[in-house]
There are 2 protein chains.
Amino acid sequence: MDRKQEIIDAATKSFSLFGYKATTMDQVAKIANVGKGTIYTFFDNKEVLFQEIVIRMITEMKQEAAIVIIEGKSFQENAHAALMKMLEFRETHQLYAKIIIEEKEWKTPAVQLVISQVEKAIVKFVKEKIDKYIANGEIRAVNSELVAYLLFKAYLAFVNDWNITHEKSLSEVEIAEFFQDTIFRSLAL
Amino acid sequence: MDRKQEIIDAATKSFSLFGYKATTMDQVAKIANVGKGTIYTFFDNKEVLFQEIVIRMITEMKQEAAIVIIEGKSFQENAHAALMKMLEFRETHQLYAKIIIEEKEWKTPAVQLVISQVEKAIVKFVKEKIDKYIANGEIRAVNSELVAYLLFKAYLAFVNDWNITHEKSLSEVEIAEFFQDTIFRSLAL
DNA sequence: TTTTGACCGAATCGTTCAATTGGTCATTTA
DNA sequence: TAAATGACCAATTGAACGATTCGGTCAAAA
């Protein structure tokens, strides 16, 4: 395991526990067992180090979403599974969850940028699936970018936002059936 | 014009200019030309006064939405017009705009409650329209509360959020056509 | 009886100064 | 000689503290 990786691992731990703002480079150096200056031989600054780690996190999230996609299943089934998995990642992945909390509490610019990046990655992932299903003639030809955005926002609204303003949350089955009756219905041939 | 109304008017001015947090009861009293203690003969506390004003604002917003609804037009046309009007209100109504800014900057509890109230009022307004059109046999029978929530969140995403993350905003026509092709399409008989 | 504004405890604000931080680079280490 | 280190520095942050302000109260005034 080389030094760069040790720094990345150490920083991932610290960002996950303390968030971006409260993580110090001194601390990362200690966890990694390197001098603080060594960090700057690999990364220009704190934000570049953070970005490296976030890119890895996004890759991990997409891999988890890809696992639940089953070749041969309908667009709805696969889109639903992938979106649910990515929204679950949002809550169970320690670093991502920490980032969301920090964005709300502090509005750290570096963190706001990351939230935006992750969301764009999700929309892009869904858009690519839409394009594939359209090309296969399995769903209607639609503006895949707008539909991907709509699906993302709609799932976010029902899986997350709904719980904030309603006492009774919606089950995954209820959500799936509702979207089958609405958005996915509109995509059917 | 009675004293209570003068206090309400004064407070509306102050909340609109300075927001909830930065508005003092001393200031409201001065603008209204009353003693500070007089305010408390009508309102238990600052938050109750704020609520009174917010309820009036919500009523005003609903009236503006009702104006753009034309009897005999399709559900899509009317829902679209009403939602666009209510989202426009969000930006043009001085108090509401101030509330949104304050919620983002300070997370004042009283203000967060208000945002939630307004959004619930919008969803309820749309739900009632959905119920009416279903009863008239003009759209499919759907869970009107969930569809109203979906419509609200979708419009908010495309009218507001989209502009934050994309350089080119979507025109009203583009938005209307997109929803015609998706959500409204799913509601058609 | 209604209105007022001085009063009060709690909260907020502005100031000061010590502590901390990200990044740098002279020195040390390999 | 190249890579690693951690003391150093300017800028920023945080803690402490006194002054001020605030929402709400109520005795006094109108």
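Sequence lines set the chain letters: A, B, ... in the order given, protein chains first and strands last, and positions in each chain run from 1. All values derive from a computational prediction rather than experimental measurement.
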Next on the checklist: Check this for me: B:K107, atom NZ, are more than 12 non-hydrogen atoms of other residues, nucleotides or ligands nearer than 6.0 Å?
Outcome noted: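 More than 12 within 6.0 Å, yes.
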Item to check | Qualifying ring-ring contact (aromatic ring centres under 6.0 Å, His included) pairs, either residue in residues 116-140 of chain A, two or more places apart | outcome: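 Sorted pair list: A:F75-A:Y133.
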Item to check | Test: B:K127 and B:D131 ion pair at under 4.0 Å | outcome: yes
Next on the checklist: Could you check whether A:E128 pairs with A:K124 (Lys NZ or Arg NE/NH1/NH2 to Asp/Glu carboxylate O, under 4.0 Å)?
Outcome noted: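 Counted as a salt bridge, because a side-chain N and a carboxylate O are separated by less than 4.0 Å.
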Checklist entry - So which residues get pulled into A:L17's cluster when ILVMFWY side chains under 4.5 Å apart are joined, directly or through others? => result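 Traced through the cluster, A:L17 reaches A:F18.
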Using every non-hydrogen atom in the two residues, find where [X] and [Y] come nearest and quote the distance to one decimal.
X	Y	answer
A:L189	A:G137	CD1-O, 2.9 Å
A:V123	A:E145	CG1-O, 4.3 Å
B:A148	B:I130	N-CD1, 3.6 Å

Next on the checklist: Donor-acceptor pair, distance only, cut-off 3.5 Å: does the side chain of A:H166 make one with the backbone of A:W162?
Outcome noted: yes
Checklist entry - How many Å lie between CE on A:M25 and P on C:dT24, as a whole number? => result 11 Å
Checklist entry - Whole Å only: how far is the CG atom of B:D26 from the P atom of D:dT25? => result 15 Å
Checklist entry - Has A:K46 got its NZ or CZ under 6.0 Å from the middle of the six-membered ring of A:Y20, at an angle within 45 degrees of the ring axis? => result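 Yes, A:K46 lies over the aromatic ring of A:Y20.
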Checklist entry - To the nearest 10 degrees, how far apart in direction are the end axes of the helix from C:dT1-D:dA30 to C:dA30-D:dT1, each fit to five base pairs? => result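 Axis-to-axis angle, ends of the helix: 10°.
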Next on the checklist: Using a strict heavy-atom distance below 4.0 Å, which residues from residues 10-23 of chain B are in contact with DNA chain D?
Outcome noted: B:T23
Checklist entry - In residues 43-51 of chain B, which residues come under 4.0 Å of DNA chain D by heavy atom? => result B:N45, B:K46
Next on the checklist: So that I know where these two stand, are B:Y155 and B:H80 an aromatic pair - ring centroids less than 6.0 Å apart?
Outcome noted: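 Distance test on ring centres: under 6.0 Å, yes.
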Checklist entry - A:S74 and A:E77: side-chain donor and acceptor closer than 3.5 Å? => result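 Indeed, the side chains of A:S74 and A:E77 share at least one donor-acceptor pair under 3.5 Å.
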Item to check | Polar contact flag, side-chain donor to acceptor under 3.5 angstrom, A:E174-A:S171 | outcome: yes
Checklist outcome for this item: Per-nt protein contacts along nucleotides 3-8 of chain C (heavy atom under 4.0 Å; B base, S backbone sugar-phosphate only, - none) come out as SBB---
